[in-house]
Amino acid sequence: MIVTLIVICEVGFWVLLAAGLGLRYLAKMPRTGAAVLLCEPLLEVVLLVVTVLDLRAGADPDWKHGLAAVYIGYTAAFGHYTVRWLDGHARHRLAGGPPPVRPPRFGAARARHEVKLWLRTVAGAGLAAALLQAGVWYVDDPERTASLSSWQGFAGRAVLIHGLIALSYVLWPKKPKDGDGGHAPEAVAGAGAGKDAVRPVEDRAGR
């Protein structure tokens, strides 16, 4: 049931996102679109509540509960980022807004961009680890919670691997090749959306 709910939440995220942006820019109903987008964090709340109730009902903690915690952490860290990025593209293509700023490709600007993305991974992994630890304390049985602890290790490895990738851009900044046009300005997801930019999801704690 938990895995099915994770799939439903992921599909629901994109359905609500498409509906919200469609209402904002195709139906010319920006407030209604924003209200729809505001419903997106509720998907993670529902997943969290169902996971807790499943454990409370006596289910043995396993990989499904660990996956749910990691999914919640990921969407909390990257959900708002994803919404703003897609809002910038939708505003440009559907409402004649300015083109969204592209992510930087070279040099220090690219390194800063990669570090910021890594910090989101740190935040998401931290939230996931905290939820997993809460499950460990709630069950209070090391033998039954070994799976949850292993997912904490997974979150830690994700932070380490992404950190090494970000560090590589800091230590060895990418340089433009001949004809690449130099350094692109540092991007802000959803840039060009102006005062009407979507701000409905506070980090879904992103996407």
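Just so you know, residue 1 is the first one in the sequence shown, and it goes up from there. Excluded from the calculations below are hydrogen atoms, water molecules and symmetry mates; all remaining heavy atoms, backbone and side chain alike, are included.
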Honestly curious: do [X] and [Y] fall in one hydrophobic cluster under the side-chain, below-4.5 Å linking rule?
X    : Y    : value
L42  : V15  : no
L94  : L21  : yes
V136 : V139 : no
V50  : V52  : yes
V46  : L127 : yes

request  = Return the set of residues passing ring-ring contact (aromatic ring centres under 6.0 Å, His included) with Y138 (not counting sequence neighbours), or none when no residue passes.
outcome  =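 Counting only residues at least two positions away or on another chain, Y138 forms no ring-ring contact (aromatic ring centres under 6.0 Å, His included).
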Nearest heavy-atom neighbours spanning [X] and [Y]:
X    : Y    : value
L148 : D62  : CD2-O, 4.1 Å
V36  : G20  : CG1-N, 3.9 Å
A77  : R120 : O-NH1, 2.7 Å
G12  : L43  : C-CD1, 3.6 Å
A125 : A155 : CB-O, 3.8 Å
C9   : L47  : SG-CB, 4.0 Å

Quick one: [atom1] on [X] to [atom2] on [Y], what's the gap to the nearest 0.5 Å?
X    : Y    : atom1 : atom2 : result
L37  : L23  : CG    : CG    : 8.5 Å
E114 : K174 : CD    : NZ    : 9.5 Å
Y25  : H89  : OH    : NE2   : 12.0 Å
E44  : T75  : CD    : OG1   : 3.5 Å
L86  : R91  : CG    : CZ    : 15.0 Å
I6   : I2   : CD1   : CD1   : 7.0 Å

Does any N or O in the side chain of [X] come within less than 3.5 Å of the main-chain N or O of [Y], such that one atom is a donor and the other an acceptor?
X    : Y    : result
W151 : A69  : no
H92  : P100 : no
S147 : W63  : yes

query = Just one of V70, L132, L131 clears the side-chain contact (heavy atoms from CB on, under 4.5 Å) bar with Q152, so which one?
reply =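 For Q152, the side-chain contact (heavy atoms from CB on, under 4.5 Å) test succeeds with only one of V70, L132, L131, which is L132.
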ask   = Is the closest basic N to carboxylate O distance between R24 and D87 below 4.0 Å?
value =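 Salt bridge between R24 and D87, a charged N being under 4.0 Å from a carboxylate O: yes.
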ask   = Is a side-chain donor-acceptor pair under 3.5 Å present for H65 with T51?
value =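 There is no such pair between these side chains.
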request  = Decide side chain to side chain contact (heavy atoms under 4.5 Å, CB included) for W118 and V159; before the verdict, give the C-alpha distance in whole Å, the side-chain angles of both, and the deciding distance to 0.1 Å.
outcome  = CA-CA 7 Å; W118 174 68; V159 169; 3.8 Å; yes
F13 vs V83, side chain to side chain contact (heavy atoms under 4.5 Å, CB included): CA-CA, chis, key distance, verdict = CA-CA 10 Å; F13 173 85; V83 169; 4.2 Å; yes
query = Taking only residues two or more places apart in sequence or in another chain, which ones pass salt bridge (charged side-chain N to carboxylate O under 4.0 Å, His left out) with R144?
reply =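 Applying salt bridge (charged side-chain N to carboxylate O under 4.0 Å, His left out) to R144 gives D60.
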Working for side chain to side chain contact (heavy atoms under 4.5 Å, CB included), residues Y81 and L117 = CA-CA 10 Å; Y81 177 87; L117 290 180; 3.9 Å; yes
